[in-house]
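Take a look at the structure set out below.
Chain naming here is simple, since letters A, B, ... match the order of the sequence lines and numbering starts at 1 in each.
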Amino acid sequence: MADALIKTVDLKKHFKVKGGLLHAVDGVNLEIPRGKTLGVVGESGCGKSTLGRTIIRLLEATSGSVYFDGQDVMKARGKEFEELRKQMQIIFQDPFSCLNPRMPVYKLIGEPLEIHHVYKNSVDMNKRIVQLMDTVGLARRFINSYPHEMDGGRRQRVGIARALALNPKFIVCDEPVSALDVSIQAQILNLLMDLQDDMGLTYMFITHDLLVVRHIADEIAVMYLGQCIERAPAKQLFKEPLHPYTKALLSAIPIPDLSQRKKPVMLQGEVSDPINPKPGCRFARRCNYCTEKCTQQDYPLKEVSPGHFVACELYK
Amino acid sequence: MEQKMNKTTEINTPILEVDNLYVHYQSEGQKIKAVNGVSLSLGRRETIGLVGETGAGKTTTALAIMQLLPEATAHIDSGDIRYEGESLLKKSSGELRAIRGALISMIFQDPMTALNPIKTVGDQIKESLEIHNYDHKSNAELEKRVDELLELVGIKAARRGEYPHQFSGGMKQRVLIAVALACQPQVLIADEPTTALDVTIQAQVLALIENLKEQLGTSVIMITHDLGIVAQTCDKVAVMYAGEIIEDGSVEEIFNGKERHPYTIGLFNSIPKLDDESTRLSPIDGLMPDPANLPEGCPFSPRCHQCMDICRKVHPDVTYHEGTHRIKCHLFAGGEK
């Protein structure tokens, strides 16, 4: 892809824990084209949130690199890094715990503006705060409200306004609608898509909800135990999933349609331990197609059809 | 064929009935109307899906059936709950203890908080067996039953001596299911049993509940906001809004019926479809009304696209009735839309 805004090269993030090294992100290569959305899916503990946070350097990577518009994020220092931070923002999952309960809305939205000394006088800043509230569809009467006085949907709008305050180019959306009711979820998804169209934003959309990711993402990366095991354009992935894990994941979605009542592909057991993982395919222990070969070597992503990458012995 | 006939006749005699139930909570001088005239009828071996958003009154209805509403704040104003024809509201607390956990039991929403952190999972399962040990089984027999239950939910019996924190979320949920099933209840109330779980684990848990239904003939009330789960597991559906059932019927009638309540339409339009190519969802505008201050007339009227004058003034009764499909909406009054 010629115009990738975000590019990661063999990105790794390991945590020291009792009993060894937890390989949260273990060699991820991906690209996100400008103005597009990459959906990242996987079960809890697969490292999708850690990946998002490592890309915007909320966590320091163990090794590997991240490029933002060609610039090496890991090497940025001082003023340079401060500028970079403005370009890359994050929306968190739980709109309650990520907002300071003692700050009213105008302070919450104004906080990033203050930290980066964007405005010299408070009149301009207040104008910008009101403008941001309008952008995210938050009625002006909430300007003095505290988080506990608002419902989940409105709190998430505050979270989005905070992320937008510094005019970023790239936003990591970490399960932004998982904590919301379906009708509110749809409102927020529409808002995020409108903002992308209006401002040309690039998203990395982390979620475990596969129907949501199919709806919002251009391309989807499937993660399993710190590794990206399949990547394809969204519609293509749903039409023709290749990796046995992706197949099981997709078949487990309960479809709201009576004509599609079915027995899902059952996976045995749960995600294995990400501490000191053994070499070979991480999914091998739960895989119905596992052969001896699978546990002997690592499988890098391989392009099997244009834009469709998979890491599996079956598609070598 | 004969067996199938039997099954249908069994379904036709309800094991649990909720009849025009009203519950309110008293909080800081405010009267919060949580459940406003809910009626449900659950047949044997039947799964009924109770669908709705946060604050619709789903869990309050479930807690009322279990007779576990907080005594200090909750009040059942009127209505009745009958188990095999007998009113649960008239039972003494001793009689209720014999029913709860043994005949009717509940899987609570959050496996992280519903288990006791300082008791082993084996002991927590055994607890309900001990309480309901009416035929005086020996301790060894109870222990054996605990092992069976753990294996039933797919956990190795050898792990019975471990504590909740040693299990993952999906396994904790399965321990809770084992607790709920310990005494082979006739009615299982599952309050969002899979909300905290990943899809592959969710599929395991739903398959487990389905198996138990087949093996033990349990009836299930499945509380969920996920229409996908409803489509995959339920026989009947009741859609709740602001403490009322605004639409109910068989799962076919709700998913494929001729007519739908505007709120149900909104719910369906809020979820992305697998084969849908459009880029925008059409969600319901606004929010669920404050249960302390419900609007006059239809509770959905402030958010309804098809709201008419009458909707703001008069509370709608069931206006659409076809088969078992019932809708409370003025649009269908007079038999035309």
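Residues meeting the side chain to side chain contact (heavy atoms under 4.5 Å, CB included) test with A/A234, sequence neighbours left out: A/I220. Scanning for ring pair (Phe, Tyr, Trp, His ring centres under 6.0 Å) contacts around B/Y241 gives B/Y263, B/F300, with sequence neighbours left out. For B/D226, there are no side-chain hydrogen bond (donor to acceptor under 3.5 Å, both in side chains) partners at least two apart in sequence or on another chain.
Chain B forms the most heavy-atom pairs under 4.5 Å with one residue out of A/D194, A/I184, A/L180, A/D209, and that residue is A/D194. Chain B forms more heavy-atom pairs under 4.5 Å with one residue of A/L249, A/L211, A/L258, A/V212 than with any other, namely A/L258. Options A/I216, A/D151, A/L189 differ in how many heavy-atom pairs under 4.5 Å they form with chain B, and the most are formed by A/D151.
The contact between A/L210 and chain B is made entirely by side chain atoms (from C-beta outward), counting heavy-atom distances below 4.5 Å. A/R261 touches chain B through backbone and side chain together, each having a heavy atom under 4.5 Å away. For B/V199, the parts lying under 4.5 angstrom from a heavy atom of chain A are both the backbone and the side chain. Heavy atoms closer than 4.5 Å to chain B are found nowhere in A/K239, neither backbone nor side chain.
Atom NZ of A/K235 is surrounded by more than 12 heavy atoms from other residues, nucleotides or ligands within 6.0 Å. For B/R326, the CZ atom is loosely surrounded, since the number of other residues' heavy atoms within 6.0 Å does not exceed 12. B/K172 NZ: more than 12 foreign heavy atoms inside a 6.0 Å radius.
The shortest side-chain heavy-atom distance between A/Q185 and B/L281 does not fall under the 4.5 Å cut-off. Looking at B/L267 and A/V182, their side chains come closer than 4.5 Å, going by heavy atoms from C-beta outward.
Considering all non-hydrogen atoms of both residues, B/P283 and A/N190 come closest at CD-ND2, 3.4 Å. Smallest separation of non-hydrogen atoms from A/S44 and B/D198: OG-OD2, 2.6 Å. Heavy atoms only, all atoms of each residue included: A/S183 and B/E53 are closest at OG-OE1, 2.6 Å. Nearest heavy atom pair, residue A/P256 against residue B/I271, reads CG-CD1, 3.7 Å.
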Determine, stepwise, if the pair A/D257 / B/K273 fulfils salt bridge (Lys or Arg N to Asp or Glu O under 4.0 Å).
CA-CA 9 Å; A/D257 183 345; B/K273 315 267 180 317; over 6 Å; no
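Looking at B/Q202, its side chain never comes within 3.5 Å of a backbone N or O of A/I253 through a donor-acceptor pair.
Residues of residues 284-293 of chain B that come closer than 4.5 Å to chain A, counting heavy atoms only, are B/I284, B/D285, B/G286, B/L287, ordered by residue number.
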